[in-house]
**Q** 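Let me give you the structure first, and then I'll get to my questions.
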Amino acid sequence: VKILKLSGHGTRPEDLEGVKWHDWVEDVVSEVKVCKKSGEFDRIVIGGVSMGGNICLLTSLQERVNGLILIGTPVHLKGHLLIKVFSKTMPFFRKYTKKVRPRNIFFNEKDSYQYFPTKNMKEVLHTIEESVDSLKEVVAPILILQTKNDFFVTKYSPWIIYKNVSSKVREMRWIHTNSDNHVPQKGVEVDKTAEVIEQFIEGLESS
């Protein structure tokens with residue numbers, strides 16, 4: 001298993017300045033190429049959380065992979081139209097903005113930025129739109145996971161992905177949580193998610 005750090009991530013929010021949506025896709029495409037060239041892996045399955053799933057979809061259009069795992073991947077965000085308006089207007093008024101989330105949401109402050117550049121909102125939306133426009137071109141086996149009460153991603157998002165990709169092998173699973181978390185966070189939620197992912201990968205190996 002390899003964990004990839006996308007451009008502008010895992011350091012400080014200021015490092016997101018100037019990073020474009022295609023930089024993130026290129027990060028993953030380049031890593032897939034490195035993995036193939038190394039000969040270390042028999043199969044390459046890529047997965048992403050939230051926007052990371054959109055990036056994986058776009059990556060699969062440039063580099064053949066054996067499987068895709070999407071967790072909480074948006075087609076539309078809740079309040080998508082408002083967010084789109086903010087992405088165009090907010091950069092004129094402020095350089096950075098804080099993340100907004102419900103009070104009952106578990107949030108690991110050490111592993112995630114508490115604020116981000118307002119210009120970056122447009123890049124996130126562009127990533128989502130590019131991946132959604134390309135769903136018909138996606139042919140890799142795909143596993144789509146979504147928490148039942150996601151506060152951030154619309155409930156129909158996983159269905160749109162499931163119905164529009166051209167993958168012959170496709171599976172969608174709902175993750176039951178005790179909160180409105182965007183992704184599974186701890187305990188049984190994580191264990192169950194890991195089990196489903198493991199079964200999906202084992203199914204690819206036996207097919």
Side-chain angles (χ1 to χ4, degrees), residues 1-6 9 24-25 27-28 31-32 35-36 40-61 63-78 101-102 104-108 111-112 127-128 131-132 134-207:
V1 177
K2 298 189 73 172
I3 298 175
L4 176 64
K5 186 185 295 184
L6 298 175
H9 290 73
W24 296 324
V25 177
D27 287 339
V28 184
E31 188 63 27
V32 170
C35 289
K36 286 181 177 180
E40 183 181 351
F41 305 97
D42 293 330
R43 293 173 182 267
I44 296 177
V45 178
I46 58 175
V49 175
S50 195
M51 181 193 70
N54 301 99
I55 293 170
C56 287
L57 288 168
L58 291 169
T59 297
S60 74
L61 305 182
E63 280 294 321
R64 182 183 176 278
V65 294
N66 299 104
L68 296 167
I69 300 170
L70 315 183
I71 304 177
T73 298
V75 164
H76 280 115
L77 305 170
K78 290 184 178 178
R101 64 186 186 280
N104 67 330
I105 298 300
F106 172 80
F107 198 71
N108 191 330
D111 298 332
S112 183
T127 306
I128 295 171
S131 66
V132 173
S134 305
L135 287 176
K136 288 293 183 185
E137 300 173 46
V138 175
V139 297
I142 188 170
L143 171 65
I144 306 161
L145 298 167
Q146 185 78 28
T147 56
K148 200 73 174 176
N149 302 308
D150 191 335
F151 80 94
F152 194 52
V153 175
T154 57
K155 228 168 192 175
Y156 56 82
S157 281
W159 283 111
I160 290 177
I161 296 172
Y162 180 85
K163 290 179 179 179
N164 285 281
V165 294
S166 298
S167 311
K168 291 183 179 179
V169 176
R170 67 184 88 174
E171 185 177 348
M172 192 181 85
R173 294 285 195 96
W174 292 100
I175 304 167
H176 294 272
T177 63
N178 294 320
S179 71
D180 299 332
N181 281 332
H182 174 41
V183 294
Q185 295 288 349
K186 50 187 176 180
V188 177
E189 297 175 15
V190 171
D191 293 341
K192 183 61 179 176
T193 303
E195 182 181 329
V196 172
I197 291 174
E198 186 176 355
Q199 289 172 352
F200 173 73
I201 294 175
E202 287 177 351
L204 295 178
E205 293 174 349
S206 61
S207 62

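Quick note: numbers below take in every heavy atom, side chains included, and nothing from hydrogens, waters or symmetry partners.
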**Q** Taking the side chain as every heavy atom from C-beta outward, state whether Ile44 and Lys36 have any atom pair closer than 4.5 Å.
**A** yes
**Q** I need the Ser50 OG to Leu70 CG distance, nearest 0.5 Å.
**A** 11.0 Å
**Q** Quick check on Lys163: does its NZ atom have over 12 non-hydrogen neighbours (other residues, nucleotides or ligands) under 6.0 Å away?
**A** no
**Q** Applying side chain to side chain donor-acceptor pair (under 3.5 Å), can you list everything that pairs with Thr59, at least two apart in sequence or on another chain?
**A** none
**Q** Looking at every non-hydrogen atom in both residues, tell me the closest pair between Ser60 and Val65 and how far apart they are.
**A** CB-CG2, 4.1 Å
**Q** Which heavy atom in Val28 sits nearest to a heavy atom in Ile46, and how many Å separate them?
**A** CG1-CD1, 4.4 Å
**Q** Does any part of the side chain of Leu77, heavy atoms only, come nearer than 4.5 Å to the side chain of Ile128, both counted from C-beta?
**A** yes
**Q** Using the test salt bridge (Lys or Arg N to Asp or Glu O under 4.0 Å), find all partners of Lys2 that sit at least two apart in sequence or belong to another chain.
**A** Glu31
**Q** Say whether, by atom type as modelled, one donor and one acceptor occur between the side chain of Arg170 and the main chain of Val165 under 3.5 angstrom.
**A** yes
**Q** Please identify each residue that fulfils side-chain contact (heavy atoms from CB on, under 4.5 Å) with Asn164, with sequence neighbours left out.
**A** Leu135, Lys136, Ile160
**Q** What residues, two or more places apart in sequence or in another chain, satisfy salt bridge (Lys or Arg N to Asp or Glu O under 4.0 Å) together with Arg64?
**A** none
**Q** Between Gly48 and Cys56, which heavy-atom pair has the shortest distance, and what is it?
**A** N-SG, 3.7 Å
**Q** Looking only at non-hydrogen atoms, find the nearest pair between Leu68 and Phe200 and report the distance.
**A** O-CE2, 3.8 Å
**Q** Please enumerate all residues that pass side chain to side chain donor-acceptor pair (under 3.5 Å) together with Asn66, with sequence neighbours excluded.
**A** none
**Q** Do Ile197 and Thr193 make a side-chain contact, defined as non-hydrogen atoms from C-beta onward lying under 4.5 Å apart?
**A** yes
**Q** Restricting to non-hydrogen atoms, name the atom on Ala140 and the atom on Ser167 that form the minimum distance, rounded to 0.1 Å.
**A** O-OG, 2.5 Å
**Q** Let me have the donor-acceptor pairs involving side chains of residues 142-154, under 3.5 Å, with sequence neighbours excluded, atom names and distances please.
**A**
{"unit_1": "Gln146", "atom_1": "NE2", "unit_2": "Asp150", "atom_2": "OD2", "d": "2.9"}
{"unit_1": "Thr147", "atom_1": "OG1", "unit_2": "Asn181", "atom_2": "O", "d": "2.8"}
{"unit_1": "Thr147", "atom_1": "OG1", "unit_2": "His182", "atom_2": "O", "d": "3.3"}
{"unit_1": "Asp150", "atom_1": "OD1", "unit_2": "Phe152", "atom_2": "N", "d": "2.7"}
{"unit_1": "Asp150", "atom_1": "OD1", "unit_2": "Val153", "atom_2": "N", "d": "3.2"}
{"unit_1": "Asp150", "atom_1": "OD1", "unit_2": "His182", "atom_2": "ND1", "d": "3.1"}
{"unit_1": "Asp150", "atom_1": "OD2", "unit_2": "His182", "atom_2": "ND1", "d": "2.8"}
{"unit_1": "Thr154", "atom_1": "OG1", "unit_2": "His76", "atom_2": "O", "d": "3.1"}
{"unit_1": "Thr154", "atom_1": "OG1", "unit_2": "Ser157", "atom_2": "OG", "d": "2.8"}

**Q** Is there a side-chain contact between Ser134 and Leu57, using heavy atoms and a 4.5 Å cut-off?
**A** no
**Q** Just wondering, are more than 12 heavy atoms of other shown residues or ligands nearer than 6.0 Å to CH2 in Trp159?
**A** no
**Q** Is the closest side-chain heavy-atom distance between Glu171 and Gln199 below 4.5 Å?
**A** no
**Q** Testing the basics here: between Asn54 and Ser131, what is the closest heavy-atom pair and its distance to 0.1 Å?
**A** ND2-OG, 2.9 Å
